[in-house]
Amino acid sequence: MTNRVFMLPLWIRLWHWSNALAIIVLSITGISLHFSDPSLPLVEFSLAARIHNIAGVCLAVLYAGFVIGNIVTGNWWQYVPKPPGIIKRCLRQMQFYGSGIFKGEAEPFPPTPEVNFNALQAVTYWSIMYLVMPVVILSGLVFLYPQFAPATLFGLDGLLPVALVHYLGAAVILLFMVSHIYLGTMGPKVSSLFKMMFTGWYEH
Amino acid sequence: MRGAMALLALLAAPMAFGDDPPPTPEELVKIRAANAECLSCHSEAGLKKPPKEGMDLKKLRSHLVHLDTFTASDHGQMACTKCHGDGYAEHPHAADAKDEIAECQDCHARKAMRIERQFDKSVHAENLSDTFTCKTCHDAHTMALASKLRDPHKIVAQDNKICLDCHDSDLAFAKMAPDNKKRPPIDDIHAWLPNTRLHWKAVRCVECHTPTEDKLSLSHEIQNKDKAEKKCASCHSANSSLNARLYRHLQAEEQNKYGFLNSVMLSSSYVVGATRNPTLDKALIALFIATVLGVIGHGIVRIITTRLRRRKNHD
């Protein structure tokens with residue numbers, strides 16, 4: 001008999017999947033633009049630029065929705081890494097991913113309605129959502145309206161630092177996405193956490 | 001036969017004035033003094049305070065020269081009379097003085113022949129062959145060669161003004177265009193180009209509206225929308241055609257500054273897809289591959305250890 005517990009309200013699930021879609025679209029078009037090559041186009045440049053602009057604005061709107069939703073519902077507290085013992089809990093979690101899982105050990109900090117994330121998740125999600133995402137979104141908006149970029153900086157075009165920050169931030173998000181999708185298989189069953197992200201119910 | 005005649009004309013042509021050495025400092029003083037006499041009328045100051053009475057000020061207004069702009073231009077060290085002829089040496093000017101104004105090819109014979117072959121194929125020749133001359137676009141009192149201006153922003157401002165003066169003005173367009181030809185709204189026909197107006201500040205119209213095959217020089221074969229370049233990646237790529245175009249005079253300075261490709265462009269523009277850093281790109285690609293391989297490896301070990309455990313539990 002499996003136990004099930006309701007974990008994720010509809011707005012979080014809707015935000016999560018729209019955000020995921022926007023990030024995937026932005027990654028594909030962003031790679032096409034940055035590595036633009038006439039003989040090997042992933043998505044044709046002007047089409048990629050157009051899609052990237054639209055998806056970028058969608059991501060910014062979704063992000064605003066995420067921040068407001070978190071404030072209104074109090075969900076923001078879930079993301080706050082909470083000492084004391086946070087480092088110890090992070091190490092314990094790493095030890096689980098590094099060896100415990102191969103030995104069939106149980107998840108050391110399974111999700112509960114009160115505490116959704118383990119310490120490593122909280123630290124990572126907080127950094128991605130409140131440090132990297134705003135940087136990528138803001139630099140993206142400057143890219144959309146380059147007249148707001150400084151004209152020059154150290155004798156080079158002022159858009160260069162904006163572009164570099166955008167590129168590096170986006171790379172971090174892409175690396176996060178790969179690990180995030182994989183860590184999604186670490187539930188009681190490989191499919192448990194994906195199912196939870198759709199239904200809101202955690203089965204264990 | 002025509003080719004032989006052209007060759008003969010070329011050989012017979014006097015040493016092109018366009019290649020003349022610059023005047024000596026003494027000559028320059030004389031030239032400046034002579035030009036100052038012309039500008040005593042043909043300048044804003046002259047118009048405000050005409051040195052003579054009874055002048056046709058309305059006519060004068062359309063024949064003004066700005067001294068600083070002229071001095072900075074390619075012809076800035078030349079005497080006005082070099083092109084405008086002796087008929088203009090005195091005032092009132094000779095009645096037939098206008099007929100003796102020099103044509104560009106009088107000095108720039110070789111260049112004019114080369115350019116004419118390109119121009120003959122252009123959209124301007126197709127529609128306006130009777131009225132379109134060098135002077136339609138090139139004002140000899142203001143133009144400066146790109147190689148002299150060097151700064152891409154200045155080159156772009158000068159060259160795009162020429163195109164936009166007609167193509168962004170109904171009045172100016174109607175003066176030149178054939179009857180019934182309506183000026184297409186410039187923003188509408190370029191709506192496909194993202195950040196249109198910003199592009200026009202960063203690159204020249206001719207970057208796209210001349211054939212891109214010719215990498216050696218910029219052609220005078222101005223092309224309409226059917227033939228113009230529409231592939232963004234011709235500029236927005238590692239092997240950007242801007243190198244052979246807007247930035248060709250700065251190419252000698254290209255030093256892959258801070259390890260960036262096409263870093264010569266970076267002084268004035270960040271060009272997505274062109275100005276990138278291969279070292280940074282490689283590091284991030286390596287990191288991405290390492291993450292994907294790490295995840296796959298972890299997954300494989302998980303599958304194997306799970307199976308081993310299951311087998312053990314069965315035993």
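Letters go in sequence order (proteins before strands), and every chain restarts at 1.
Among A:Ser32, A:Ser46, A:Pro38, the residue making the largest number of heavy-atom pairs under 4.5 Å with chain B is A:Pro38. Interface summary for chain A: among B:Val292, B:Asp281, B:Thr305, the most heavy-atom pairs under 4.5 angstrom belong to B:Asp281.
Of the two parts of B:Lys201, neither the backbone nor the side chain holds a non-hydrogen atom closer than 4.5 Å to a non-hydrogen atom of chain A. Heavy atoms closer than 4.5 Å to chain A are found nowhere in B:Ile289, neither backbone nor side chain. Only the side chain of A:Val190 comes within less than 4.5 Å of a heavy atom of chain B; its backbone N, CA, C and O stay farther away. For a residue to count as touching a neighbouring chain, one of its non-hydrogen atoms must lie under 4.5 Å from one of that chain's; by this rule B:Leu284 touches chain A with the side chain only. Heavy atoms of A:Leu144 lying under 4.5 Å from chain B belong exclusively to its backbone. Interface residue B:Arg309: only side-chain heavy atoms are found under 4.5 Å from chain A. Using a 4.5 Å cut-off between heavy atoms, B:Thr306 does not touch chain A at all. Residue contact with chain A, scored on non-hydrogen atoms closer than 4.5 Å, involves the backbone of B:Leu193 exclusively. Proximity to chain B (any heavy atom under 4.5 Å) is shown, for A:Met186, by both the backbone and the side chain.
Applying the ring-ring contact (aromatic ring centres under 6.0 Å, His included) rule to pairs touching residues 226-245 of chain B yields A:Phe45-B:His236, sequence neighbours excluded.
A:Tyr182 pairs by the ring-ring contact (aromatic ring centres under 6.0 Å, His included) definition with B:His298, not counting sequence neighbours.
Pairing each heavy atom of B:Cys232 with each of A:Glu44, the nearest pair is SG-OE2, 4.2 Å. Considering every non-hydrogen atom in both B:Val295 and A:Ser179, the closest pair reads CG2-CA, 4.4 Å. B:Tyr258 and A:Leu156 make their closest contact through CE1-CD1, 3.6 Å (heavy atoms, listed as atom of the first residue, atom of the second, distance).
Annotation: the span from A:Asp157 atom CG to B:Tyr270 atom OH amounts to 10.0 Å, rounded to 0.5 Å. Taking OG of A:Ser36 as the start and CG of B:Asn239 as the end, the distance is 11.0 Å to the nearest 0.5 Å. Between atom CG of residue A:Leu164 and atom CZ of residue B:Arg276 there is a gap of 13.5 Å, rounded to the nearest 0.5 Å. Atom CG of B:Leu266 is separated from atom CG of A:Leu160 by 5.5 Å, given to the nearest 0.5 angstrom. The CG atom of A:Leu174 sits 5.0 Å away from the CZ atom of B:Phe288 when rounded to the nearest 0.5 Å.
No more than 12 heavy atoms of other residues, nucleotides or ligands sit less than 6.0 Å from atom CD1 of A:Ile87. The local environment of NZ in B:Lys148 is crowded, with over 12 non-hydrogen atoms from other residues, nucleotides or ligands closer than 6.0 Å. Atom NZ of A:Lys82 has more than 12 neighbouring heavy atoms from other residues, nucleotides or ligands inside a 6.0 Å radius. Atom CG of B:Leu171 has 12 or fewer neighbouring heavy atoms from other residues, nucleotides or ligands inside a 6.0 Å radius.
Residues of residues 95-115 of chain A placed with any heavy atom under 4.5 Å of a heavy atom in chain B are listed by number as A:Tyr97, A:Ile101, A:Phe102, A:Lys103, A:Gly104.
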With a 3.5 Å cut-off and sequence neighbours excluded, list the donor-acceptor pairs that the side chains of residues 117-126 of chain A form with protein atoms.
{"from": "A:Asn118", "atom 1": "OD1", "to": "A:Leu120", "atom 2": "N", "distance (Å)": "3.0"}
{"from": "A:Asn118", "atom 1": "OD1", "to": "A:Gln121", "atom 2": "N", "distance (Å)": "2.7"}
{"from": "A:Asn118", "atom 1": "ND2", "to": "A:Gln121", "atom 2": "OE1", "distance (Å)": "3.4"}
{"from": "A:Gln121", "atom 1": "OE1", "to": "A:Asn118", "atom 2": "N", "distance (Å)": "3.0"}
{"from": "A:Gln121", "atom 1": "NE2", "to": "A:Tyr125", "atom 2": "OH", "distance (Å)": "3.2"}
{"from": "A:Thr124", "atom 1": "OG1", "to": "A:Leu120", "atom 2": "O", "distance (Å)": "2.6"}
{"from": "A:Tyr125", "atom 1": "OH", "to": "A:His180", "atom 2": "ND1", "distance (Å)": "3.3"}

